[in-house]
Novice: 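After the structure tokens below, expect a handful of questions from me.
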Amino acid sequence: PGQRKTYFDFIIRYVISLSNQVQSPPQEVAMIKRLPMCGPATVTAVFLSVLFWLPVQGLAAQNEDEEQQFETIVWPDLIPEDVLEILMNPPAYISETEDGSIEDQIDSNIKNAIATASDDPYQQALISTEVRPEMNGLMIRLPGFVVPLEFNEDQVITQFFLVPYFGACLHMPPPPPNQIVLVDAPRGLTVEELSTPLWISGKLSTQVTENDMAMSTYSLQMMDYERY
């Protein structure tokens, strides 16, 4: 339990430090980079840390002068309440797996396959395509990280996945499809570092999109963006 708590704290502090552009202590960064990114306990720690962190940090960072045409939302707002309840209460086999153990690295895929085959609610929630229909058509403002998909001739990003934590779909497994937003940015988007979080504003739609990298169940036509 102590090791799991320490690891969970590292994840939270590392994600927050990336978003705030504050350097984590070198020993903590080194530990994070050595940890396996495929185990169920790892995915749970990262994903839940984002669910706990973004609602607080996102609302605290909201600009008082923000234009009223966009409604500021946070990532849990995109998840149906029953699915969110499952994700916030992971089964015992997740907490019983020691992060970084051989079991976590080798057996995770087998466990996931067995759990999925038996319709395990938690595993189903991790790949849920369920959306909140009432979000369709809303003008929203959402913070997140950019995963580039398409570029124009000037190598400016014109389409990307917006995800709740840095490294998703790249160095870590993707979050649930209802926690990925496909963003079309015809006017282009430039970002110095992919570890830089942004506020993305535009019209949200409930639409399933799948490519070799991930599946998303929301899309957004970007109208504006700014640094978080």
Side-chain angles (χ1 to χ4, degrees), residues 15-16 18-21 47 50-81 83-84 128-170 172 174-228:
V15 171
I16 292 176
L18 284 170
S19 299
N20 291 336
Q21 297 298 296
F47 183 66
V50 173
L51 287 184
F52 284 124
W53 166 64
L54 273 180
V56 176
Q57 294 292 322
L59 293 177
Q62 184 174 352
N63 190 332
E64 293 181 358
D65 297 327
E66 173 194 349
E67 296 183 11
Q68 295 302 309
Q69 68 179 111
F70 298 114
E71 177 184 352
T72 298
I73 68 170
V74 289
W75 288 95
D77 292 335
L78 300 176
I79 307 176
E81 291 186 7
V83 177
L84 182 60
S128 175
T129 59
E130 294 185 43
V131 298
R132 293 182 58 186
E134 65 271 23
M135 304 295 288
N136 189 50
L138 290 185
M139 304 291 284
I140 62 101
R141 179 173 182 260
L142 178 67
F145 296 87
V146 170
V147 180
L149 296 175
E150 295 183 5
F151 302 82
N152 62 18
E153 62 275 8
D154 298 320
Q155 293 303 299
V156 174
I157 301 171
T158 57
Q159 188 180 76
F160 59 93
F161 280 142
L162 186 68
V163 294
Y165 55 88
F166 172 65
C169 305
L170 295 173
M172 300 182 188
N178 55 23
Q179 290 291 276
I180 302 177
V181 178
L182 175 68
V183 180
D184 284 312
R187 291 186 294 176
L189 174 145
T190 56
V191 57
E192 295 180 3
E193 300 288 343
L194 295 182
S195 59
T196 300
L198 300 175
W199 283 105
I200 304 296
S201 302
K203 185 175 183 179
L204 187 68
S205 300
T206 53
Q207 174 183 326
V208 177
T209 304
E210 185 173 11
N211 61 24
D212 294 338
M213 186 175 294
M215 174 189 290
S216 66
T217 55
Y218 290 96
S219 64
L220 183 138
Q221 193 71 20
M222 191 183 79
M223 298 179 180
D224 195 13
Y225 73 96
E226 61 182 309
R227 187 170 179 142
Y228 183 85

Novice: Give me the one residue out of Phe70, Tyr228, Phe145, Tyr225 that meets ring-ring contact (aromatic ring centres under 6.0 Å, His included) with Trp199.
Specialist: Tyr228

Novice: Just verifying a value: how many Å separate Ile200 CD1 and Leu162 CG, rounded to the nearest 0.5 Å?
Specialist: 5.5 Å

Novice: How long is the straight-line distance from CG of Asp184 back to NZ of Lys203, given to the nearest 0.5 Å?
Specialist: 13.5 Å

Novice: Going by the rule side-chain hydrogen bond (donor to acceptor under 3.5 Å, both in side chains), which residues pair with Asn211 if we only count those two or more places apart in sequence or in a different chain?
Specialist: none

Novice: Please check if atom CD in Glu192 has more than 12 non-hydrogen atoms from other residues, nucleotides or ligands closer than 6.0 Å.
Specialist: no

Novice: Just verifying a value: how many Å separate Leu149 CG and Leu182 CG, rounded to the nearest 0.5 Å?
Specialist: 6.5 Å

Novice: Would you indicate whether the side-chain heavy atoms of Thr206 and Pro133 approach each other to under 4.5 Å?
Specialist: no

Novice: Could you check Glu226 against Arg141 for side chain to side chain contact (heavy atoms under 4.5 Å, CB included), going step by step and ending with a plain yes or no?
Specialist: CA-CA 10 Å; Glu226 61 182 309; Arg141 179 173 182 260; 3.2 Å; yes

Novice: Side chains of residues 215-223: which donor-acceptor partners sit under 3.5 Å, not counting sequence neighbours?
Specialist:
unit_1, atom_1, unit_2, atom_2, d
Thr217, OG1, Pro177, O, 3.2
Thr217, OG1, Asn178, N, 3.4
Tyr218, OH, Leu78, O, 2.8
Tyr218, OH, Arg132, N, 2.9
Ser219, OG, Gln207, OE1, 3.4

Novice: With a 4.5 Å limit on heavy-atom distance, are the side chains of Leu194 and Pro148 in contact?
Specialist: yes

Novice: Ignoring hydrogens and geometry, is there a side-chain-to-backbone donor-acceptor pair from Gln179 to Trp75 under 3.5 Å?
Specialist: yes

Novice: Would you check if Ile180 and Cys169 make a side-chain contact, meaning some heavy-atom pair closer than 4.5 Å?
Specialist: yes

Novice: Rounded to the nearest 0.5 Å, what separation is found between the CD atom of Glu153 and the OG1 atom of Thr158?
Specialist: 9.0 Å

Novice: Report the C-alpha separation of Leu189 and Leu198 in whole Å, then their side-chain angles, then the decisive distance to 0.1 Å, and conclude whether the side chain to side chain contact (heavy atoms under 4.5 Å, CB included) test is met.
Specialist: CA-CA 11 Å; Leu189 174 145; Leu198 300 175; 3.9 Å; yes

Novice: Can you tell me how far apart CD1 (Ile157) and OG1 (Thr190) are? Round to the nearest 0.5 Å.
Specialist: 8.0 Å

Novice: Could you give the distance from CG (Leu84) to CD (Glu130), rounded to the nearest 0.5 Å?
Specialist: 12.0 Å

